[in-house]
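Just so we're on the same page: letters track the sequence lines, and every chain starts at 1.
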2 protein chains.
Amino acid sequence: MKQITKYVIKNSLKRIFLYRACLVRLKLMGVEKVFSYTLANETGVTSEQVRKDFSEFSIKGNKRGGYEINDLLGKMEDIFHRNKDHNIVLIGMGNMGLALSKYSKFVQRNMNIVATFDIDPFKQKERSGIPVYSMSRLKEIIERFKVKVAILAVPEISAQEVADELMRHGIKGIVNFAPVLLKVPPDVVINNVNLCDELESVIYYVHKQLKIDGFKNLELLYRDMKY
Amino acid sequence: MKQITKYVIKNSLKRIFLYRACLVRLKLMGVEKVFSYTLANETGVTSEQVRKDFSEFSIKGNKRGGYEINDLLGKMEDIFHRNKDHNIVLIGMGNMGLALSKYSKFVQRNMNIVATFDIDPFKQKERSGIPVYSMSRLKEIIERFKVKVAILAVPEISAQEVADELMRHGIKGIVNFAPVLLKVPPDVVINNVNLCDELESVIYYVHKQLKIDGFKNLELLYRDMKY
DNA sequence: GAATTGTTGTGAAACAAATCACAAAATACG
DNA sequence: CGTATTTTGTGATTTGTTTCACAACAATTC
């Protein structure tokens, strides 16, 4: 049965990403150990929050000794299955798809776009080191590379149709850039990225901010902005 | 005072965006009135949630009569200040910047990228109908077009520096695509969009899902029945 | 090796968000 | 016109998340 799965990334997971980015930076700087308040300061959360988050993912430190950065990063690799490579397919080689196919940070994190697809024959040529295939080869490629996750960057009109096809071939997770709510069975994970909404919400908060700026209503200000 | 402002868009605001998208679609289909449960079904939330959200933004319906779509959309226009145009600048014309500069949906929602900027002289030519300037003209353009919001698509190494410059010229809100936490004073709104994290969190949940797939546990069954 | 210090880990408390339950209002219908 | 029906709007309740407070423990000092 298909339904709208409003899929929300847990805040604790988002924070774990923050901590990791911070740890990577600290490691590059030669630091070997951190305390919860170090991470807290660097990421703008409280130290209890850091420890609670770690506890949720069963990460333990040493009383008084804090956390070994290498140890922490290792645990996080496990949590995120980063020890192995992840093969991704990207559908839709429009502006956004093209940019995503060239985005080097995916590879740096072991997420490899193994192939991209587009219905437009003009776009079916290699443009960023990654082949661009016609949709007819989707099944073949997904099976060959055991792909479970796809990036969907097609026009909204065809998003549902393409998503259905992806799922027929075994895709279990989609990062969806089309501004539509995909209907999927409950075992499929959808993460919607809506660029307009991201921009518009900033505009919304800026206006709100400007409005209250005169009176310095700190309480309101701080409720809307979390650290 | 500068600090890390981890700025979180409220869920209720995100849902309002959902409702609006849905209303626009319904309107195109010729529908004139909706009930809270119509919107709820279409967006995968509960009808109480829809009404609570509306109540937060002081949107009122008619008992028994539901909501007039035109009326709702009008109210939302007000909430999001969509009656007037919003001028945006975009900094960084790499892959992502270029794609964003061509993203037509911004314009459809009255958000106009009036100019883009890059330090690279090779990129300083018009590539998508929008001029690409050198950074030296930032102040001039921001003032001329009364820009308050910027999109930051520069490499992470220069993100903070560019953000500082933007703020010096009066920018109050930033959609930041660089994977760094910007340090900003509390009156500046930052919305971080981290594409790697978005993809990686899907991978995380897909793995988790696959692990529990064998059991088909109650939680999932419950979700099946819910909608 | 006892006392002191600094940090983790986590129950308890406070706070925030979502759901429930139902009164109030608008409409329809006999 | 009065009764039944439908849907909103919201106080009460439940559920979820963050912060607080402090015991437990490891390292350090005397």
Side-chain angles (χ1 to χ4, degrees), chain A residues 4-19 23 26 31-69 71-72 75-76 201 218-227, chain B residues 4-19 23 26 31-69 71-72 75-76 218-219 222-223 225-227:
Chain A
I4 291 165
T5 355
K6 207 196 83 193
Y7 171 75
V8 178
I9 297 170
K10 276 174 92 178
N11 286 336
S12 55
L13 183 58
K14 283 194 193 160
R15 286 193 300 263
I16 293 279
F17 284 127
L18 278 184
Y19 305 149
L23 288 166
L26 289 171
V31 184
E32 286 174 2
K33 273 193 340 189
V34 284
F35 302 120
S36 57
Y37 61 82
T38 325
L39 282 172
N41 275 337
E42 290 289 314
T43 55
V45 302
T46 65
S47 58
E48 305 89 311
Q49 184 84 80
V50 173
R51 297 200 296 277
K52 264 272 150 83
D53 288 338
F54 282 2
S55 136
E56 184 182 334
F57 290 92
S58 319
I59 292 173
K60 304 256 175 226
N62 323 309
K63 296 252 162 88
R64 177 137 194 177
Y67 307 83
E68 294 279 337
I69 288 188
D71 202 42
L72 272 181
K75 291 244 176 62
M76 289 182 183
S201 59
L218 285 178
E219 199 195 331
L220 248 181
L221 211 147
Y222 280 106
R223 275 193 54 195
D224 288 337
M225 297 173 94
K226 280 203 179 173
Y227 302 90
Chain B
I4 292 165
T5 356
K6 205 196 89 195
Y7 173 76
V8 179
I9 298 168
K10 275 172 96 178
N11 286 337
S12 54
L13 183 59
K14 283 194 193 161
R15 285 192 302 263
I16 293 278
F17 284 127
L18 279 185
Y19 305 148
L23 288 167
L26 289 171
V31 184
E32 284 174 5
K33 272 193 340 186
V34 284
F35 304 120
S36 57
Y37 59 77
T38 326
L39 282 173
N41 275 336
E42 292 289 315
T43 54
V45 303
T46 64
S47 58
E48 304 89 314
Q49 184 82 80
V50 173
R51 296 199 299 275
K52 265 271 151 84
D53 288 337
F54 282 2
S55 136
E56 184 182 333
F57 290 90
S58 320
I59 292 173
K60 305 257 175 228
N62 323 310
K63 296 251 162 91
R64 174 133 194 184
Y67 307 84
E68 295 279 335
I69 288 188
D71 200 42
L72 273 181
K75 291 243 178 64
M76 289 181 183
L218 287 175
E219 197 198 336
Y222 175 64
R223 273 173 63 193
M225 294 161 59
K226 200 164 158 188
Y227 300 101

OP1 or OP2 of [N] sitting under 4.0 Å from any side-chain N/O of [X]?
X      : N       : result
T46(B) : dT19(C) : yes
K63(B) : dA28(C) : no
Y67(B) : dA26(C) : no

Atom [atom1] of [X] to atom [atom2] of [N]: distance rounded to whole Å?
X      : N       : atom1 : atom2 : result
K10(B) : dT17(D) : NZ    : P     : 17 Å
R15(A) : dT19(D) : CZ    : C1'   : 12 Å
D53(A) : dT17(D) : CG    : P     : 11 Å
Q49(A) : dA16(C) : CD    : P     : 14 Å
K60(A) : dA26(D) : NZ    : P     : 13 Å
F35(B) : dT6(D)  : CZ    : C1'   : 8 Å
N41(B) : dT7(D)  : CG    : P     : 12 Å
I59(B) : dG9(D)  : CD1   : P     : 10 Å

Legend entry - Heavy-atom side-chain contact between R15(B) and V45(B) under 4.5 Å: yes

Just call it for [X]: base, sugar-phosphate, or nothing, with non-hydrogen atoms closer than 4.0 Å on any strand.
X      : answer
E48(A) : base
S12(A) : nothing
S47(A) : nothing
G65(A) : nothing
F54(A) : nothing

Inset, instruction - Inspect the surroundings of CD in E56(B) and state if more than 12 heavy atoms from other residues, nucleotides or ligands are less than 6.0 Å away. - result: yes

Inset, instruction - On DNA chain C, check which nucleotide each of R64(B) and R64(A) is closest to and give me the residue with the more 5' one. - result: R64(A)

Legend entry - Position toward the 5' end of DNA chain C (nearest nucleotide), K52(A) or N62(A): N62(A)

Legend entry - Matching residue for L18(A) among D53(A), T43(A), V50(A) - test: side chain to side chain contact (heavy atoms under 4.5 Å, CB included): T43(A)

Inset, instruction - Between S55(B) and Y37(B), name the one whose nearest nucleotide on DNA chain D is closer to the 5' end. - result: Y37(B)

Inset, instruction - Any chance you could measure S58(B), atom OG, to K75(B), atom NZ, to the nearest 0.5 Å? - result: 9.5 Å

Legend entry - Nearest-0.5 Å distance that lies between atom OH in Y19(A) and atom CE in M76(A): 8.5 Å

Inset, instruction - When you get a sec, tell me which of dT7(C), dG9(C), dA18(C) is the closest nucleotide to the side chain of R51(A)? - result: dG9(C)

